[in-house]
Amino acid sequence: MKLTLNILGILGAITTIGLGIPQLIQQLKTKKTGKVNFASFWIFYVGITLWVIYGVFAGPHYWQVFVANFTCSLIYSATMYYLYYYREDKTKALMLKVGMGILVMTLISLGLLIMFALNMQQYIKEGYPDTKTDYIIPILTERDRAIAAIIAPSFTTLAFLPQLITSLKKKDFHGLSPWMPFLFTINNLLWITYFILMPIYKSHYANPTIQIHKAWIEVAPALIWQVVSLTVYILQFSMIFSFNQKQKNCQHKIEDEVKSA
């Protein structure tokens, strides 16, 4: 069971790391920023940082959460920069503000990396204990972890709702990569499985004294948000993919008409 959780955690971590890559590639490839909702990207950026914080204070058992979101935050920093860099109406003042914002977020993540490293060093040194709670950097209680698991995913889950609403109103999904929400759906499915198995592992294997309903209470908020997130990003992926297909079909039709003229 522990091996299964570790594998799911690693796969979830890999997909989490890749979440910002499709949009970054889109920006570098087209060198254009379409009609995107910048607020959505900033909300998601903050959400990723909140997950980094969660990964530190939830304890070393959640190392996959920390590593995945910390790496994702670094990649997403580049994504945020190029979103503004390729914006047609950018100004030096705007780029300065954006650069400062990205710098602050990066410094926060680096500070959290140091805290995580201190706890992880102690965790490894003591032989990977399953029930240890007294670390150099204090970890959250089960109740506090449950509260944190409500706050952090609310940002990453709902971040792109403003973008989705804007795109639906304008009927325009230019500038958005469909592979970003596609990776989100894969990521959600992996973490849903992970959070379903975690309370079973904790109550039956790691610490049999823990009542299973208490273990479920700890992961329930994160699990619920993952299901909501899965729904949101499936919808977004289908909308962007459908829009892109219509655009390609229209382009092919125009090219055929030109050839036949």
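What you are looking at is a predicted structure, and each value in this text was computed from that prediction instead of being measured.
Residues Leu190 and Gly12 come closest through the heavy atom pair CD1-N, 3.8 Å. The two residues Thr16 and Asn187 have their closest heavy-atom pair at OG1-ND2, 2.6 Å. Nearest approach of Leu83 to Thr33, heavy atoms of both residues: O-OG1, 2.6 Å. Scanning both residues, Thr193 and Leu8, for their nearest heavy atoms gives CG2-CD1, 3.7 Å. The two residues Ser77 and Tyr45 make their nearest non-hydrogen contact at OG-OH, 2.5 Å. When all heavy atoms are compared, the tightest approach of Cys72 to Leu19 is SG-CB, 4.2 Å.
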May I have the list of side-chain donor-acceptor pairs in residues 37-44 shorter than 3.5 Å, sequence neighbours left out?
residue, atom, partner, partner atom, Å
Asn37, OD1, Ala39, N, 3.0
Asn37, OD1, Ser40, N, 3.3
Asn37, ND2, Thr166, OG1, 3.3
Ser40, OG, Ala159, O, 2.9
Ser40, OG, Gln163, N, 3.0
Trp42, NE1, Tyr84, OH, 2.7

Please tabulate, for the side chains in residues 93-111, all donor-acceptor contacts under 3.5 angstrom to protein atoms that are two or more places apart in sequence or on a different chain.
residue, atom, partner, partner atom, Å
Thr106, OG1, Ile102, O, 2.8
Ser109, OG, Met105, O, 3.3

- request: Report the C-alpha distance between Gln236 and Phe184 in whole Å, list the side-chain angles of each, state the deciding distance to 0.1 Å, and finish with yes or no for side-chain contact (heavy atoms from CB on, under 4.5 Å).
  value: CA-CA 10 Å; Gln236 188 173 14; Phe184 267 103; over 6 Å; no
message: For a side-chain contact (heavy atoms from CB on, under 4.5 Å) check, start with the C-alpha distance between Leu235 and Thr231, then their side-chain angles and the critical distance, and finish with the verdict.
response: CA-CA 6 Å; Leu235 177 62; Thr231 305; 5.9 Å; no
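Taking the six-membered ring for Trp and thresholds of 30 and 60 degrees, Phe237 and Phe182 have ring planes inclined between 30 and 60 degrees apart. Classification of the Tyr81-Tyr85 ring pair by plane angle, with boundaries at 30° and 60°, yields parallel.
In this structure Ser229 satisfies the side-chain hydrogen bond (donor to acceptor under 3.5 Å, both in side chains) test together with Asn188, sequence neighbours excluded. Take Phe155 and apply the ring-ring contact (aromatic ring centres under 6.0 Å, His included) test, not counting sequence neighbours, and it matches no residue. Residues satisfying the side-chain hydrogen bond (donor to acceptor under 3.5 Å, both in side chains) criterion with Thr79, sequence neighbours excluded, are absent altogether. Checked against ring-ring contact (aromatic ring centres under 6.0 Å, His included), Trp225 has no partners two or more places apart in sequence or in another chain.
Note: Ile10 CD1 to Thr15 OG1 = 12.0 Å, rounded to the nearest 0.5 Å. How far CE of Met120 is from OH of Tyr135: 8.5 Å, rounded to the nearest 0.5 Å. Interatomic distance, CG of Leu230 versus OG1 of Thr157, reported as 10.0 Å (0.5 Å rounding). Distance CH2/Trp179 to CD1/Ile186: 10.5 Å, rounded to 0.5 Å. Separation of atoms CD1 (Ile224) and OG (Ser154) is listed at 13.0 Å; rounding is to 0.5 Å. Put simply, OH on Tyr54 and CG on Leu50 are 12.5 Å apart, with the number rounded to the nearest 0.5 Å.
Gln23 and Gln27 form a side-chain donor-acceptor contact under 3.5 Å, judged by distance and modelled atom types alone.
The neighbour count for Phe241 CZ, taken as heavy atoms of other residues, nucleotides or ligands under 6.0 Å away, does not exceed 12. Counted within 6.0 Å of OH on Tyr86, heavy atoms from surrounding residues, nucleotides or ligands total more than 12; the atom is thus considered enclosed. In Gln245, the CD atom is crowded: over 12 heavy atoms of neighbouring residues, nucleotides or ligands sit closer than 6.0 Å.
No donor-acceptor pair under 3.5 Å is formed between the side chain of Gln226 and the backbone N or O of Leu189. Not one N or O on the side chain of Asp144 forms a donor-acceptor pair closer than 3.5 Å with the backbone of Leu140. Looking at Asn119, its side chain does come within 3.5 Å of a backbone N or O of Ile137 through a donor-acceptor pair.
You'll find the side chain of Thr185 reaches within 4.5 Å of the side chain of Tyr233, heavy atoms only. Counting heavy atoms from C-beta on, the side chains of Trp191 and Val65 come closer than 4.5 Å.
Tracing side-chain contacts under 4.5 Å through hydrophobic residues (I, L, V, M, F, W, Y), one never reaches Ile165 starting from Met180; they form parts of separate clusters.
Screening Leu113, Thr49, Ile48 for a side chain to side chain contact (heavy atoms under 4.5 Å, CB included) with Phe70, the sole residue that qualifies is Leu113.
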